[in-house]
Amino acid sequence: MNKVRTRFAPSPTGFMHIGNLRTALYCYLYAKKNKGAFILRIEDTDQERQVENAVETIYKTMQLAGMQHDEGPDVGGDFGPYVQSERKEVYARYAKELVAKGHAYYCFCTKERLDTLMDSDTGNRRYDKHCLHLTKEEIAENLAAGIPYVIRQNVPLDGTTTFSDLVYGDITVDNKELQDNVLLKSDGLPTYNFANVVDDHLMAISHVFRGMEYLSSTPNYNLLYQAFGWQLPQYIHLPHIMRDKQHKLSKRDGDANFEDFLNKGFLPDAILNYVSLLGWNPKNDREKFTLDELVEHFDIAGISKSPAIFDEVKLRWLNSLYIKELPFATFQSQASTYYNSVTVPLEPTLLGQLLQSRISAFSDIPATLQFIDRFDAYDLELFEHSGSKSSKELAKSILPTVIAATEKVESWNNELLFETFVKVGEQFSLKNKQLLWIIRIAITGHASTPGGATEICVLLGKELTLKRLKASLERL
Ligand code: GLU
């Protein structure tokens with residue numbers, strides 16, 4: 001069998017969409033699993049859609065994701081150049097070869113004429129092969145006169161084209177359904193519809209992974225391979241990623257980019273792990289995989305035909321697992337920028353220890369720490385809690401004893417504080433739950449906090465804890 005060669009072929013049009021990241025990931029996994037090569041190709045032939053710095057974003061994403069390519073514009077390789085705009089002559093040469101063989105033709109039609117071919121019902125434009133019938137002399141004259149032209153694929157009007165996809169199976173279409181796609185544009189650059197075929201062949205790509213939006217054009221590509229007499233690659237089209245049952249996760253959603261998730265405090269490894277599961281099922285219940293483990297387990301047979309729904313809750317859950325596993329120093333260096341949002345000075349190590357096991361994204365930190373800075377005017381109704389049978393009245397009656405006992409605590413640690421509070425509880429015949437609820441509200445003013453009453457006491461320190469207990473009592 002030929003060597004496995006996969007390619008990730010992004011267009012530098014902005015951020016790295018989650019769908020593109022998934023394509024890159026599957027290409028990487030399949031190549032690595034099969035000891036093949038993973039190639040990065042920049043598809044920049046649509047000059048109008050280009051965005052400055054987008055190529056840098058691609059490199060940065062690949063690096064952050066830990067997916068090192070074996071060949072590409074920056075690392076070189078035997079099949080370069082790997083940037084399509086640097087391959088202009090290659091496409092022109094192959095387009096002319098197709099013209100010579102009758103599988104493509106020059107088209108000089110103006111935009112105005114093409115607009116008249118628009119189907120008013122569907123809004124689709126179907127080219128009528130008008131220029132296919134130009135004589136050699138007419139073509140030569142037009143070219144000599146410098147009339148702008150494109151080169152179009154000459155799709156047969158009859159017969160069918162069948163191709164095989166490793167996910168979607170065999171697909172057959174009537175050739176009359178296919179368009180005479182533009183292969184070479186008037187600026188001399190190829191369209192995706194041409195460049196992907198030429199490059200995948202010349203770069204000896206064995207497996208083409210790409211989004212299923214390309215599935216319907218694949219018969220056109222097949223016809224091109226046939227016209228050149230080239231061997232077809234294996235196709236693996238990937239199901240859509242949806243925001244919900246009806247809507248695709250689109251670039252316009254703004255929140256579907258790798259960068260956005262990084263900015264929201266998700267870890268690259270967790271994002272990648274989650275993305276791997278969007279459309280691929282390891283066929284067991286396992287969900288947590290490092291990149292190396294994914295290489296070991298990834299399998300085309302596990303790719304699903306049905307759309308995958310992007311579930312941020314699940315991503316958060318995976319991210320929390322990765323956060324818990326971080327070495328404490330790494331956690332602190334990433335988390336500490338968020339500590340600046342807290343104005344009451346706290347011991348960073350205690351803060352970090354408390355947060356690491358509780359947050360599911362770094363950006364949760366400011367909200368999680370609100371209880372530190374927003375204490376003064378909290379709602380006293382928080383003491384009314386049926387679950388722990390707590391009430392304002394009860395709080396008012398026990399807080400003086402809690403304060404007196406707390407004042408006597410000398411070594412300020414979890415165990416001792418717990419013992420102290422339990423004793424107060426016994427004195428009033430209260431359940432621990434009741435008492436600890438009251439204390440936690442009295443020192444935080446928040447119903448949910450990143451730790452229990454004693455842990456928060458330790459974090460706040462003796463002085464601040466007592467100050468808050470007293471302030472709460474006063475308000476009651
Ligand atoms: N340049 C295409 C894109 O960014 C790549 C499609 C493919 O993987 O072939 O959508």
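Numbering of ligands and ligand atoms starts at 1, following listing order. Throughout, numbering of the chain's residues begins at 1 and tracks the sequence.
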Any side-chain donor-acceptor pair under 3.5 Å between D165 and H237?
yes
Determine whether any heavy atom of R7 lies closer than 4.0 Å to an atom of ligand 1.
yes
Counting each atom of ligand 1 from 1 as listed, which ones have a heavy atom of E43 under 4.0 Å away?
1 (N), 2 (C), 5 (C)
Quick note on ligand 1: atoms under 4.0 Å from a heavy atom of S11 include exactly 1 (N), 2 (C), 3 (C), 4 (O)
Ring center gap for [X] and [Y] short of 6.0 angstrom:
{"X": "Y274", "Y": "W317", "answer": "no"}
{"X": "H297", "Y": "F289", "answer": "yes"}
{"X": "Y378", "Y": "F375", "answer": "yes"}

NZ/NE/NH1/NH2 to OD/OE distance under 4.0 Å, D128 and R113
yes
Judged by heavy atoms only, the candidate from F209, Y192, Y221, Y214 nearest atom 10 (O) of ligand 1 is Y214
Can you confirm, on distance only, whether ligand 1 has an N/O atom lying under 3.5 Å from any N/O atom belonging to P10?
no
